[in-house]
Amino acid sequence: MLRAMTLCLGFLALLAGPTSGQAQQTIKIGVILPFSGQFADTGVQLDDGIKLYMQQHGDMVAGKKIEVIRKDVGGIAPEVAKRLAQELVVRDNVDILAGFALTPNALAAAEVSAQAKKFMVVMNAATSIITTKSPYLARTSVTVPQIDEAFGNWVAKSGVKTVYTLVSDYGPGLDAEASFQRAFEAAGGKVVGSVRVPVANPDFSAFVQRAKDANPEGIFIFVPGGTQPAAIGKALASRGITPKDTKIFGQGEITSEDALKSMGDDAVGIVTAFHYDYNHNSPMNREFVAAYNKAFGRNPDIYSIGGYDGMRLIYAALEKTGGKADGQDLIDAAKGMTWESPRGPMSIDPETRDVVQTVYIRRAEKVGEHVANVEFDKVENVKDPVKSRMPK
Amino acid sequence: MTAPALRTTGLHKSFGSLVVAQDVAISLPQGARYALIGPNGAGKTTLINLITGALRPDSGEILLGEEAITALEPDSRVKRGLARTFQINTLFPDLSPLEAVTLAVCERLGVANVWWRRLVGFRDAVDEAYDILASLNIGAVCYRATRELAYGQQRLLEIALALATKPKVLLLDEPAAGVPRQQGGELFEAIANLSSDITVLFIEHDMEVVFRFASRVIVMVGGRLLVEGTSSEIAADQRVREVYLGRSRHG
Amino acid sequence: MAGVADPHQYLAAKQRWAPIEVAFWLAMLLPFVLVPTYLPLASQIAITAIFAVSLDLILGYAGLVSLGHAAYFGLGAYTAGLIAKAGWGEPFSGLLIGGAAAGLFGHLTGYIVVRVRHLALIMITLGIGLLLYEVANRASWLTGGNDGLQGVAMWPLFGSFDFDLYGYTAYAYSLAVLFAVVLAARRLVHSPFGLSLRAIRENERRMPAIGAPSRARLRTIYTIAATIAGIGGALLAQTTQFVSLGALSFERSAELIVILVIGGTGRLYGGVVGAIVYMVARDRLSGMNPQYWYFWIGLMLIGVVLFLPNGILGGLATLLPRRSRAS
Amino acid sequence: MIAPAVGVLFDGFAYGMLLFLLSVGLSVTLGMMNFVNLAHGSFAMVGAYVAVSLMGLGWPFFATLPCAFLVAGVISVGFERTLFRRVYRASDLQQVLLTIGLAFISVAAAAWFYGTMQQPVRLPVYLRTYATFMGINFSIYRLFLIAVALAVTGLLVGALDYTRFGAQVRAAVDNQRMAQGLGVDVDTVFAITFALGSGLAGLGGALAIEIVGLDPNFTFTYLIYVLIVVAVGGLGSIRGSLLAAILLGVSDAAGKYYVPTLGAFLIYLVMVSLLLWRPSGLFGRR
């Protein structure tokens, strides 16, 4: 009996853990990301972006020391994300919530940001509505409609009359489908068919054949990053769809660095739209990529840049408030902020607190030994179109 | 005492080309003590399985008293008073005998699906279960887990479980199988002492036991009834000698 | 109990409240004072414990292994979430409706589930879970699909307790529901019905021979377990005011089995203890090492199997005097 | 419109072959020892990472395949001897817990040594092309995959039916105790079978990278499909696994092509109905 009680108490003591004293001179940032599971790589790359920014710019801002507390959310788990956000706020006394690779997690945590009046920076999750869930929230990544409406419009203007859309059957995929179709048809194109692919079952061959049967001029593809881009690239090639006779369009994931590596020459000619690629040709980006490679032994991707620019925003906002970490002050400081990122010029829309940036149109081309995304056109100053249409 | 307690007519069952029961018709009068004998593979256990509903006959009918039970589920037959035991112990290893028999009593009383009242509240059922166990001389071990019981005690528990259903007809599949002869005799004494309201059919290989405890004997061979008669008639029957007694007893 | 008691005393002793049980429930109140900043975690532990108790009823007591139990959890969560979203934010009635919806689905699927055993049972429950997941994913107009269900707004509990940031209300509410669920489950496992479930687990072949319709029994417990799982799900939806597809996922079903087996099956409190140990370990480990914590979880699972083959409660039962065994 | 369908079904067939390689080992070991090994996918992952590492060192793709097989087999038998054998008599759930724990560790180890990123694989050019027949493209790689799987099946079935070792395995699957009584060293037979099964998973893993990619989560990605193949095929049956894998691969592809809205549902519906019809699987005995 006594023994059992001791056990219980011991356990609770373990639960309580070391509670670090709250130093006035510290700004704490709680970073919630998937470090394990299927989205682990996203979490790791994003976090490396955060780390690189802090390596380059030190951990002191406006006289305050920056401390980052990392939490693993393990995948799509909004209830865990919300709990972690709650705990970061009430237990660890963080001043800022950051990270958020996945939309459901960001949405759930945004409620905590709103309730606790904490500044929150979404560094990846790309569904349009996220920023509306908390008035203290800003985003430094991208939104799906931002890319795909710009792209749909561009594809129609480029002279393509008919497309078939093939997207993953989940939130971002449906967003991409809707945005692309909307803009493409508004600009005079015709969508001759569409198919939605289950997220979990990655043999694409049958879906690709359906697309081919519809005989469109072009195919628009959206699949999540990870194992699927390469798989769909190979399925396209094996079903005899090559950029030579059918134009292949997609959001940038399908020609991510590892997808291109495993697709090889099959990928040449695929046209994609995205806001960042490590091949982006600017001195600032070359420097960024070199530093990233030196620190982590690989190239940065969109997640890395989201984390990097997210920290940039946090640092700059803190400078502006003179180290005051109040949610309202920080978001006011962030609104309208403009800067040059390795991805190019970007800013935070003062009205929606969402990211405004350039969407690049790239074609996969042989560059030396390898295939890489080469930018050949761009659409500048793109805002998230969904929120522009929302009634104010 | 007019209608027989249990009657089958024209029971037939085959698995593919293998015929395991062919035109089996038996009739057990109320309160009778029948033995069912036959060489291995004669279809004795199959017959019990057919009567209790573990197997469905291809054709034929089974009547319990006046009622046709051919289409009923096994548990419904039990509820109507038809109980059995198994040749190989088929018990609940982790339950104590008291729990197991109490459960069987609760099933009979129709209260075993009650989940909002505690078992201890059913005092009559518990008392009845304990009495059954005590009457079979296993009251002293009825709080242990069944798996810890001696083999002979487990055989008795088989019978106790069947008795808890208050059967009108009791089918015993080699109740003393594997039990030393001495204990087997005791076991059959217990069976002989059952209320005369209960009609008993038992499968047994030991002819001494059969002739001592059965009022009549049914002989099966190859899925058919060979002959039925009193102990002395069977003992004298030439055909039975040929197919059965001529061979080694447990062959 | 040295001598042989009479049968009533023997049975009564089996279901009497042990002091350690009382101590356990008192200890569950300690987080309010000892670790008030951990209440959000504590309430999710309580919810997982409810879910685990519900699985224990079918797995530990009746012997049905399910790899799709999240279907009922998720259904309860979505039902409660949708009711609140539609404008009825009263928590308690939402909880009951969520449980009822899951119970109804459990009753219907029960007809299929009780027909099969072993690997087929595992795979069919898994299949039901995955199918429901896909349905929820497809019905994004209703469920919000992958983005999760937005706009779940709860009214204060009993009209006066708001769901606060610190999680006081959430934990008190979850703990109270857990207590009620364990009380009900406790009553159930010590009832004649509970006894018949254990008998089915021990030897289903014997059941018809004592006049027991075992499939009907299994359907009943499957319905009850689904209802409790649904209540757990509803509680999660209400306390986090969010529902996502994760509530229905295969991972949640699989993790639940791990939790229950760690704690010990067929022991009523196994799921509760498993939930506490697993989730606290996970929280601590992933806090210390966000990227590789599951390495340590893996080691822990192997350690449990090798050194505590009957789960933590099974291990404790051999250490402590026999009173601590719940059944 | 026959031609496109043929191409799609061919791809589905090849996909089924891949599933077969990944699952046949689990089916046999589960059937023989009743050992539930959810870490089976980890051995496939071992094979895949072996192949990637060796190719990184400049080995040709074909040379990496036997190594993937060997390394996965040897590692698995190491675990079998030291860890798994302790729980053969434990309950299924204990086995599940132990092997899930091991799978977690393997995922962490892969992430630690190789990072969380996708491992790209570059095949020799002649495997990356297509044969065109009657206007239909057939991927050479998938043809190769089918050939390997059929060869493996032939070897396995032949070995089981015509060798002494095969007879011992069959006896052990049928009835472990009786086999023991007949003088079969079930322990050793099982260890060898286990190594063989895991080796095949390793081979399957190496062959899978080209089709589905490789990251540390590979262990779990295929768990559900492998379980479906094992359950539908019937425990311990090679022919069953083969048939189930083909059925799943082809019906999945056909379903996606003809009724894409059913998409993800179809494979589960097929499984549930097959198991309701035959609970012990197509070729199952129990």
Side-chain angles (χ1 to χ4, degrees), chain C residues 59-60 63 65 67-68 109 111-113 115-135 137-138 250-251 254-255 257-262 264-266 274 289 291-311 314, chain D residues 27 30-31 34 36 38-39 83 86-87 89-109 111-112 115-116 216 220 223-224 227-232 234-235 261-281 284 286:
Chain C
L59 191 155
V65 183
L67 204 46
T109 46
Y111 282 92
I112 297 176
V113 168
R115 291 162 56 99
V116 286
R117 288 294 173 278
H118 308 300
L119 190 58
L121 171 70
I122 295 176
M123 296 311 290
I124 282 181
T125 50
L126 173 73
I128 291 172
L130 292 171
L131 284 170
L132 197 67
Y133 180 94
E134 282 304 327
V135 169
N137 182 26
R138 235 6 121 64
F250 161 71
E251 287 79 4
E255 189 179 67
I257 292 192
V258 168
I259 285 172
L260 181 58
V261 179
I262 289 180
T265 55
N289 190 345
Q291 214 188 327
Y292 300 106
W293 59 271
Y294 44 95
F295 177 84
W296 305 107
I297 290 276
L299 274 190
M300 179 177 109
L301 300 189
I302 292 177
V304 165
V305 173
L306 294 182
F307 302 112
L308 295 169
N310 292 315
Chain D
S27 177
L30 197 59
N34 269 323
V36 187
L38 295 187
L83 197 58
R86 292 157 173 262
V87 293
R89 290 203 170 69
S91 72
D92 298 0
L93 290 172
Q94 297 294 318
Q95 298 174 353
V96 164
L97 205 59
L98 180 102
T99 52
I100 284 247
L102 193 66
F104 272 137
I105 290 178
S106 74
V107 173
W112 175 265
T116 44
F220 291 115
L223 187 59
I224 291 178
L227 286 176
I228 293 177
V229 169
V230 170
V232 170
L235 292 184
T261 43
L262 266 181
F265 293 95
L266 195 80
I267 196 165
Y268 307 133
L269 285 176
V270 167
M271 170 188 79
V272 169
S273 23
L274 279 177
L275 285 178
L276 283 176
W277 173 51
R278 299 196 66 136
S280 14
R286 270 161 290 185

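Just so it is clear, the structure is predicted and the values come from calculations on it, not from any experiment. The analysis underlying the following values was restricted to heavy atoms, covering all of them including side chains, and did not include hydrogens, waters or symmetry mates.
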Please work out which of the three classes, parallel, tilted or perpendicular, describes the rings of Tyr292(C) and Trp112(D), given edges at 30° and 60°.
perpendicular
Please classify the contact of Ile228(D) with chain C as side chain, backbone, both or neither, using a heavy-atom distance under 4.5 Å.
both
Give, as side chain, backbone, both or neither, the part of Leu121(C) having an atom under 4.5 angstrom from any heavy atom of chain D.
neither
Pair count under 4.5 Å, heavy atoms only, with chain D: among Leu130(C), Val258(C), Leu260(C), highest is Leu130(C)
Quick one: side chain to side chain contact (heavy atoms under 4.5 Å, CB included) partners of Leu276(D), sequence neighbours excluded?
Ile112(C), Arg115(C), Val116(C), Ile124(C), Val272(D)
Leu126(C) side, atom CG; Leu223(D) side, atom CG - distance, nearest 0.5 Å
9.0 Å
Identify which part of Phe250(C) has an atom lying under 4.5 Å from any heavy atom of chain D, answering side chain, backbone, both or neither.
side chain
Give, as side chain, backbone, both or neither, the part of Glu251(C) having an atom under 4.5 angstrom from any heavy atom of chain D.
neither
Rounded to the nearest 0.5 Å, how far does CE of Met123(C) lie from CG of Leu274(D)?
11.5 Å
Taking all non-hydrogen atoms of both residues into account, name the closest pair between Pro279(D) and Ala120(C) and its distance.
O-CB, 3.1 Å
Anything under 3.5 Å between a donor and an acceptor, one on a side chain of residues 295-309 of chain C, the other on a protein residue two or more places apart or in another chain? List them.
none

Pairwise distance CG(Leu132(C)) to OH(Tyr268(D)) - rounded to 0.5 angstrom:
12.5 Å
Is it the backbone or the side chain of Leu131(C) that comes under 4.5 Å from a heavy atom of chain D, or both, or neither?
both
